[in-house]
Amino acid sequence: MKAGDYYILALLHQIYLKFLFWAYKPESSPGSRQIQLWHFILELLQKEEYQGVIAWQGDYGEFVIKDPDEVARLWGIRKCKPHMNYDKLSRALRYYYNKRILHKTKGKRFTYKFNFSKVVLVNYPILDMASSPFFLCWCADNFILDD
DNA sequence: TCCGGAATGC
DNA sequence: GCATTCCGGA
């Protein structure tokens, strides 16, 4: 691959993450519903200030929890569960295996991988990522015309 | 460390 | 339904 290709891929990655955020929000925001763990994980992953705690690494969609205790602490604060720890948090992550939202990258410590297409389909069955006109319209509205 | 069953709560 | 808590086993 050329250097330019990597740039385009990085750009697509950014667009896709923004799309994911947009896609799951309507489901989680209507007041009453509690935030879900994978929403929270994506949230941390988006913020540069948490790169020392959790970050994208390796294959596409793969991320590493660099500081398990800190991630658990932050999750505990969000859910008002002061006794949260990585053991419990990781059990919740393991429940995502069957739902095909996440899977484990075997052999790599604290490393998991998102099944991004599944994540979008769970919330918006009609939407099929890049092939969807919704996605293109969304890009136009939120990214391309942005700057 | 990582897995998944079981009981429980909201 | 989505965790939280606890835990025996690999």
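Below, read A as the first sequence line, B as the second, and so on, with proteins coming before strands; counting in each chain starts at 1. Keep in mind it's a predicted model, so treat the numbers as computed, not measured.
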Nucleotide nearest A:Lys99 (side chain, heavy atoms from C-beta), chosen from C:dC2, C:dT5, B:dT1: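 When the side chain of A:Lys99 is considered, C:dC2 is the closest of C:dC2, C:dT5, B:dT1.
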Taking the side chain of A:Met84 as heavy atoms from C-beta outward, which of C:dA3, C:dT4, C:dC7 is closest to it?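 So the nucleotide nearest the side chain must be C:dT4.
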Is any N or O donor-acceptor pair between the side chain of A:Arg91 and the base of B:dG5 shorter than 3.5 Å?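 It does, because a donor-acceptor pair links the side chain of A:Arg91 to the base of B:dG5 below 3.5 Å.
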So, does [X] get its side chain near the phosphate of [N], meaning an N or O under 4.0 Å from OP1 or OP2?
X       : N     : value
A:Arg94 : B:dG4 : no
A:Gln36 : C:dA3 : yes
A:Tyr96 : C:dC2 : no
A:Tyr97 : B:dC3 : yes
A:Lys79 : C:dT4 : yes
A:Lys81 : C:dT4 : no

Indicate, with a heavy-atom threshold strictly under 4.0 Å, whether [X] touches base, sugar-phosphate, or nothing.
X        : answer
A:Leu89  : nothing
A:Tyr112 : nothing
A:Tyr95  : base
A:Lys106 : nothing

What integer distance in Å separates [X]:[atom1] from [N]:[atom2]?
X        : N     : atom1 : atom2 : result
A:Lys104 : B:dC3 : NZ    : C1'   : 11 Å
A:Phe110 : B:dC3 : CZ    : C1'   : 15 Å
A:Asn85  : B:dC2 : CG    : C1'   : 14 Å
A:Leu102 : C:dA3 : CG    : P     : 11 Å
A:Ile65  : B:dC2 : CD1   : C1'   : 12 Å
A:Trp75  : C:dT5 : CH2   : P     : 11 Å
A:His103 : B:dC2 : NE2   : C1'   : 16 Å
A:Asp87  : C:dG9 : CG    : P     : 16 Å

Side chain to side chain, A:Tyr112 and A:Ile101, heavy atoms closer than 4.5 Å: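 No. Closest side-chain heavy atoms not under 4.5 Å.
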Going by heavy atoms in the side chains, are A:Trp75 and A:Ile41 under 4.5 Å from each other?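 In short, these two side chains do not touch, never coming nearer than 4.5 Å.
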Nearest-nucleotide 5' precedence on DNA chain B, A:Tyr86 against A:Asn98: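 Counting from the 5' end, the first nearest nucleotide belongs to A:Tyr86.
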Transitively linked via ILVMFWY side-chain contacts under 4.5 Å: A:Val64 with A:Trp38?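 No; A:Trp38 is not reachable from A:Val64 via cluster members.
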Shortest non-hydrogen separation from A:Asn115 to A:His103 and the atoms involved: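 Scanning both residues, the minimum pair turns out to be OD1-CD2, 3.4 Å.
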Rounded to the nearest 0.5 Å, what's the gap from NZ on A:Lys108 to NZ on A:Lys113? Could you check?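 Answer rounded to 0.5 Å: 9.0 Å.
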Short N-O contact, A:Glu62 and A:Lys104, less than 4.0 angstrom: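 Salt bridge flag = no for A:Lys104 with A:Glu62.
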